[in-house]
Amino acid sequence: MKIIIVGGGIGGLSAAVGLLKLGIDVTVLERADAIRTAGAGLNIWPNGGRALGALGLKNEYDDISVRLMKYINYSSAGVLLRTIDTSDWGARFGAYAVGMHRRALNLMLADAVGYENIRFNTEIVSVRQEGDKVYCTASDDTTLEADAVIGADGVHSRVRTSLVGDVALRENEYHAFRCRAIFDISETSFARDAQTGAYDEDGFVSVIPIGKSKAYWFGSVNGARTLDQFVDTVSRWKVGELPELVASTSKGVILENHLQDFGGIPFRWTHGRVTLMGDAAHAVMPDLAQGATQTLVDAAALQAAFTETLNPVVAFQRYEQRRRPTADHTVACSARGNFMGGRRVNPIAIRYVNEVEAFQG
C-alpha cells in the first residue's frame with residue numbers, strides 16, 4: 001500500500017514515522033526545498049509527549065526538550081499571582097510539559113522518517129479519488145498516485161479544499177496576532193525549568209526555555225494589530241526584565257502569526273481514501289497551546305488505526321471517530337481566552353489538567 005502525506009511539517013512527518021514503522025510505503029510531499037527550520041519555540045504538553053512515545057521517539061524527544069517543572073504567573077504590575085508545581089507530571093500523566101526549539105523537533109522527525117521518503121519542491125494544489133486510487137496534482141501539473149492520502153498541509157489546506165471546498169476562517173476574539181522570538185536565556189534571570197509569564201486584561205507575555213542556553217518569549221495584546229502596538233503596551237508593564245526583553249528584541253527576528261480557526265470543526269475530515277490531520281482538520285487558537293500537541297496525537301491515532309487494519313477507508317474512519325470528540329472539545333476550550341483576559345479563565349497549567357487530561361472523549 002502506498003500513502004502520500006501532503007505537508008512536511010510536524011504533522012506530516014510524525015504521521016509518516018508511525019506508518020513507516022508498520023511497513024507501509026509512505027512519501028511525504030513538501031512544497032519547500034528543505035525541512036522547515038524557521039520558527040521559534042514550542043510548548044509540548046504531556047499528551048503530545050505520550051504520542052511521541054507511542055511513535056517510538058521517546059528518547060529522541062527527551063534529548064531535545066526541556067522539562068518544565070513549574071509555571072510562574074505574575075500580573076503586569078509585577079505581583080506574583082501563582083506558582084504551579086508540575087514536577088510530578090511525568091509520573092502523573094506519563095510525560096512532562098516541555099519546551100523545545102521547533103527546528104529541533106522538525107529535524108528529529110525528518111531523521112526518523114528518512115530523507116529518502118520526503119520529496120521536496122512539490123506543492124500539491126488538488127486531490128481527486130477515482131476507484132481505489134487517489135491522484136495528487138502538483139503546481140507544475142504533474143500527477144502522483146497513491147492508495148490513500150493524508151492532508152497535513154495546514155490551516156490553508158489545498159487537500160481540504162479539494163474535499164469540502166473553501167472553509168471560512170474566524171479571527172481570535174481578543175488577539176489578532178501573536179508575537180514570538182528566541183533569545184539567550186543565559187543573559188537573564190528567568191528560570192531554566194519553568195514557564196514564566198506576565199498577564200493583564202489586555203494581554204500576556206510568557207517565556208519558555210528550549211535548551212542550549214536559549215528560550216523564547218511569546219505573547220499577544222488585545223486590540224494590537226501591529227508589532228509596534230504590541231511592544232508599546234508590554235513596555236509599560238512592571239515585571240522585572242520582561243518588558244525590556246521584548247522592547248530590546250530586534251524586530252527582524254520577531255515572528256508574527258495571524259490567529260485564526262474555523263469557529264469549531266464544520267466539516268468531515270475523512271472522505272473515502274483521503275483524510276486530514278493537524279491544522280488542516282482542527283485549527284485551534286493558541287490559548288491552551290495545544291496546536292502542535294494535538295497534531296502529534298493525530299499521528300499516534302493514525303498509527304493505531306492502521307495497526308488494526310490496512311484498509312485505508314476503514315482506518316481513516318476509525319481515526320476520525322476516535323479523534324473527533326477530543327478535537328472538538330480542545331478547539332472549543334482553546335477559544336476561551338487567556339488567564340486574566342476577558343473571560344478570567346484559570347492559568348494554563350491548571351486548564352491543561354482540568355480541560356485536557358480530565359477529558360476522555
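In this chain, residues are counted from 1 in sequence order. Everything numeric here is computed off the predicted structure, so don't read it as measured data.
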- Item | Euclidean distance, Y71 OH relative to I348 CD1, rounded to 0.5 Å | 7.0 Å
- Does the T137 side chain pair with the main chain of T143, one donor and one acceptor, at a distance under 3.5 Å? no
- Check: Y352 ring centre within less than 6.0 Å of W89 ring centre: yes
- Message: If you count heavy atoms of other groups shown closer than 6.0 angstrom to CZ of R180, is the number above 12?
- Response: yes
- What side-chain hydrogen bond (donor to acceptor under 3.5 Å, both in side chains) pairs are there with at least one residue in residues 117-134, not counting sequence neighbours? R119-T122, R128-E130, K133-D147
- So do L80 and I72 actually touch side chain to side chain, heavy atoms under 4.5 Å? yes
- When Y216 is tested against each of I208, L255, I185 for side-chain contact (heavy atoms from CB on, under 4.5 Å), which residue passes? I208
- Task: Check side-chain hydrogen bond (donor to acceptor under 3.5 Å, both in side chains) between R31 and all other residues, then give those that pass, not counting sequence neighbours.
- Result: none
- Give the C-alpha distance, both sets of side-chain angles, the deciding distance and a yes or no for side chain to side chain contact (heavy atoms under 4.5 Å, CB included) between L259 and E171. CA-CA 6 Å; L259 303 182; E171 289 200 355; over 6 Å; no
- Item | Sub-4.5 Å side-chain heavy-atom contact between F316 and F306 | yes
Show me the donor-acceptor pairs, under 3.5 Å and distance only, between side chains in residues 4-27 and residues at least two apart or in other chains.
residue	atom	partner	partner atom	Å
S14	OG	I10	O	2.7
S14	OG	G11	O	3.1
T27	OG1	K2	NZ	2.2

- After noting the C-alpha distance and the side-chain angles of R170 and D261, does the key distance pass the salt bridge (charged side-chain N to carboxylate O under 4.0 Å, His left out) rule? CA-CA 5 Å; R170 175 186 68 168; D261 68 6; 2.7 Å; yes
- Item | Short side-chain donor-acceptor distance under 3.5 Å, S87 and D85 | yes
Give every donor-acceptor pair under 3.5 Å between a side-chain atom in residues 278-286 and any protein atom, sequence neighbours left out.
residue	atom	partner	partner atom	Å
H282	NE2	D298	OD1	3.3
H282	NE2	D298	OD2	2.6

- Query: Do Y319 and W269 make the cut of ring centroids closer than 6.0 angstrom?
  - Reply: yes
- Pairwise side-chain contact, V207 with Q195, heavy-atom cut-off 4.5 Å (strictly under): no
- Task: Compare all side-chain heavy atoms of W45 with those of L296 and state whether any distance is below 4.5 angstrom.
- Result: no
- Message: Taking ring-ring contact (aromatic ring centres under 6.0 Å, His included) as the definition, give me every residue that meets it alongside Y96, ordered by chain and number, with sequence neighbours left out.
- Response: none
- Ion pair E357/R92, N-O distance below 4.0 Å: no
- Query: Are L276 and V297 joined in one hydrophobic group, where the rule is that I, L, V, M, F, W and Y side chains link up if heavy atoms are under 4.5 Å apart?
  - Reply: no
- Message: Under the criterion side chain to side chain donor-acceptor pair (under 3.5 Å), I'd like the reasoning laid out for N222 against E201: C-alpha separation, chi angles, the key distance, then a yes or no.
- Response: CA-CA 8 Å; N222 190 14; E201 62 182 11; over 6 Å; no
- Task: Measure from the side-chain N and O atoms of D193 to the backbone N and O of L68, and report whether any donor-acceptor pair falls under 3.5 Å.
- Result: no
- Message: For N47 and Q290, which I'm curious about, is there any donor-acceptor pair between the side chains at under 3.5 Å?
- Response: yes
- Message: Tell me whether D166 at atom CG has more than 12 heavy atoms from other residues, nucleotides or ligands lying less than 6.0 Å away.
- Response: no
- Message: Looking at D287 and R336, is any side-chain nitrogen of the basic one under 4.0 Å from a carboxylate oxygen of the acidic one?
- Response: no
- Message: Any heavy-atom pair between the side chains of V331 and T326 that's under 4.5 Å?
- Response: no
- Message: Can you pull out every side-chain hydrogen bond (donor to acceptor under 3.5 Å, both in side chains) where at least one residue sits in residues 228-237? Sequence neighbours excluded, please.
- Response: D228-K251, D232-R236
- Which residues pass the side chain to side chain contact (heavy atoms under 4.5 Å, CB included) test with T142, sequence neighbours left out? A138, D140, L144
- Between the main-chain N or O of C333 and the side-chain N or O of R351, is there a donor-acceptor pair closer than 3.5 Å? yes
- Side-chain heavy-atom pair M108, L52 within 4.5 angstrom cut-off: yes
- Task: Name all residues meeting the side chain to side chain contact (heavy atoms under 4.5 Å, CB included) criterion together with V167; count only those two or more places apart in sequence or in a different chain, and write none if there are none.
- Result: R160, V164, F262, P266, F267
- Sequence-distant partners of E60, side-chain hydrogen bond (donor to acceptor under 3.5 Å, both in side chains), two or more places apart: none
- Would you check if L242 and T196 make a side-chain contact, meaning some heavy-atom pair closer than 4.5 Å? no
- Can you name the residues that form a ring-ring contact (aromatic ring centres under 6.0 Å, His included) with H329, not counting sequence neighbours? F359
- Task: Output, in order, the C-alpha distance, side-chain angles, deciding distance and verdict of side chain to side chain donor-acceptor pair (under 3.5 Å) for S206 and Y199.
- Result: CA-CA 8 Å; S206 289; Y199 301 86; 3.2 Å; yes
- Which pairs, with at least one residue in residues 302-316 and sequence neighbours excluded, count as a salt bridge (Lys or Arg N to Asp or Glu O under 4.0 Å)? E308-R318, E308-R322
- Candidates C136, S139, S162 - the one meeting side-chain contact (heavy atoms from CB on, under 4.5 Å) with V125: S139
- Can you sort out the partners of Y61 under ring-ring contact (aromatic ring centres under 6.0 Å, His included), two or more places apart, ordered by chain and number? none
- Query: With a 3.5 Å cut-off and no angle check, do the side chains of T270 and E320 form a donor-acceptor pair?
  - Reply: yes
